[in-house]
Protein chains: 2
Amino acid sequence: MEQSKQEILEADGWKIGTVADFLDLTPEESALIEIKLALSQNLRVRREKQMTQAELAKKIQSSQPRIAKAEGGDQSVSLDLLMRAMLATGATPKEIGKVIANVELI
Amino acid sequence: MEQSKQEILEADGWKIGTVADFLDLTPEESALIEIKLALSQNLRVRREKQMTQAELAKKIQSSQPRIAKAEGGDQSVSLDLLMRAMLATGATPKEIGKVIANVELI
DNA sequence: TGTTCTCATATCAAAAATGATATAAAATTC
DNA sequence: GAATTTTATATCATTTTTGATATGAGAACA
């Protein structure tokens with residue numbers, strides 16, 4: 001489970017090559033990554049129930065490839081874009097807060 | 001109360017000139033601003049109890065002026081920087097989630 | 001099988017955000 | 001009330017993030 005999580009992070013370009021590198025992250029750095037991943041995963045679930053990536057992109061003046069990156073947990077996607085996307089799926093601050101609050105510290 | 005909130009937003013460079021303009025924001029745009037403001041205000045409270053802006057800046061490889069902007073709710077500060085700063089004050093995902101969850105929709 | 005729809009990946013110029021620096025203003029301490 | 005510390009504001013070159021575009025991969029379905 002931890003292994004697969006690391007694989008996901010590596011594939012998405014996070015600065016993690018080995019488990020040692022992973023452990024070199026400060027708790028704060030890890031927490032930020034976890035928060036972003038939680039949001040991106042939640043975004044995909046919410047979006048899939050309602051629309052295509054292209055439709056969501058249009059709603060927030062973005063592009064389909066960028067939504068794909070957001071949902072894929074890509075490193076190049078900011079929290080701001082994730083938040084805009086979440087809100088565009090109808091997520092309320094309460095719901096978003098819950099997603100973040102449920103992030104487990106490593 | 002609403003008036004003063006608008007004044008704050010204007011002073012910080014948000015694209016809000018009049019109440020009409022303010023009402024032109026989509027609910028999603030408003031929510032994003034509210035979330036950022038809630039975080040910046042909470043950041044100031046947390047940081048003041050523990051350290052100076054310069055000290056916090058050093059912790060996250062930022063600069064004192066940027067922390068000032070973050071706490072001041074400046075438009076040019078990303079959610080990512082706000083989040084990094086919050087985490088550096090020891091805020092947990094649970095606490096951060098609570099701050100966001102408590103944001104009232106307009 | 002071929003067509004259509006949806007999502008993923010790559011590239012890139014433009015825009016936004018960044019840290020650094022200088023310095024002013026304000027608050028705190030002496 | 002002077003000195004010191006802390007915070008705010010302004011500018012700027014660099015980096016990061018962005019939307020756009022092109023295109024590939026895959027699934028769904030005819």
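As a basis for the values below, the full set of heavy atoms in this structure was taken, side chains included, without hydrogen atoms, waters or symmetry mates. In the text below, chain A, chain B and the rest are named by the order of the sequence lines, each starting its count at 1.
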Whole-Å gap separating C1' (C:dT6) and NZ (A:Lys49): 19 Å
Sugar-phosphate only, base, or nothing, as touched by B:Ser62 at under 4.0 Å among non-hydrogen atoms: sugar-phosphate
Sugar-phosphate, base or nothing in reach of A:Gln64, heavy atoms under 4.0 Å: base
Value in whole Å for how far the C1' atom of C:dA27 lies from CD of B:Glu71: 15 Å
Touch class at under 4.0 angstrom, heavy-atom based, for B:Leu81 against every strand present: sugar-phosphate
Sugar-phosphate only, base, or nothing, as touched by A:Thr52 at under 4.0 Å among non-hydrogen atoms: sugar-phosphate
A:Glu95 side chain to A:Thr92 backbone, donor-acceptor under 3.5 Å: yes
Whole-Å gap separating C1' (D:dT5) and CD (B:Gln53): 12 Å
Side-chain N or O of B:Arg44 closer than 4.0 Å to phosphate OP1/OP2 of D:dA8: yes
Between C:dC7 (P) and A:Gln50 (CD): distance, integer Å: 13 Å
N/O donor-acceptor pair under 3.5 Å between B:Lys58 side chain and B:Ser63 backbone: no
Step-by-step side-chain contact (heavy atoms from CB on, under 4.5 Å) determination, A:Gln64 to A:Glu55: CA-CA 8 Å; A:Gln64 177 270 320; A:Glu55 287 167 341; over 6 Å; no
Flag, side chain of B:Arg66 to backbone of B:Ala70, donor-acceptor distance under 3.5 Å: no
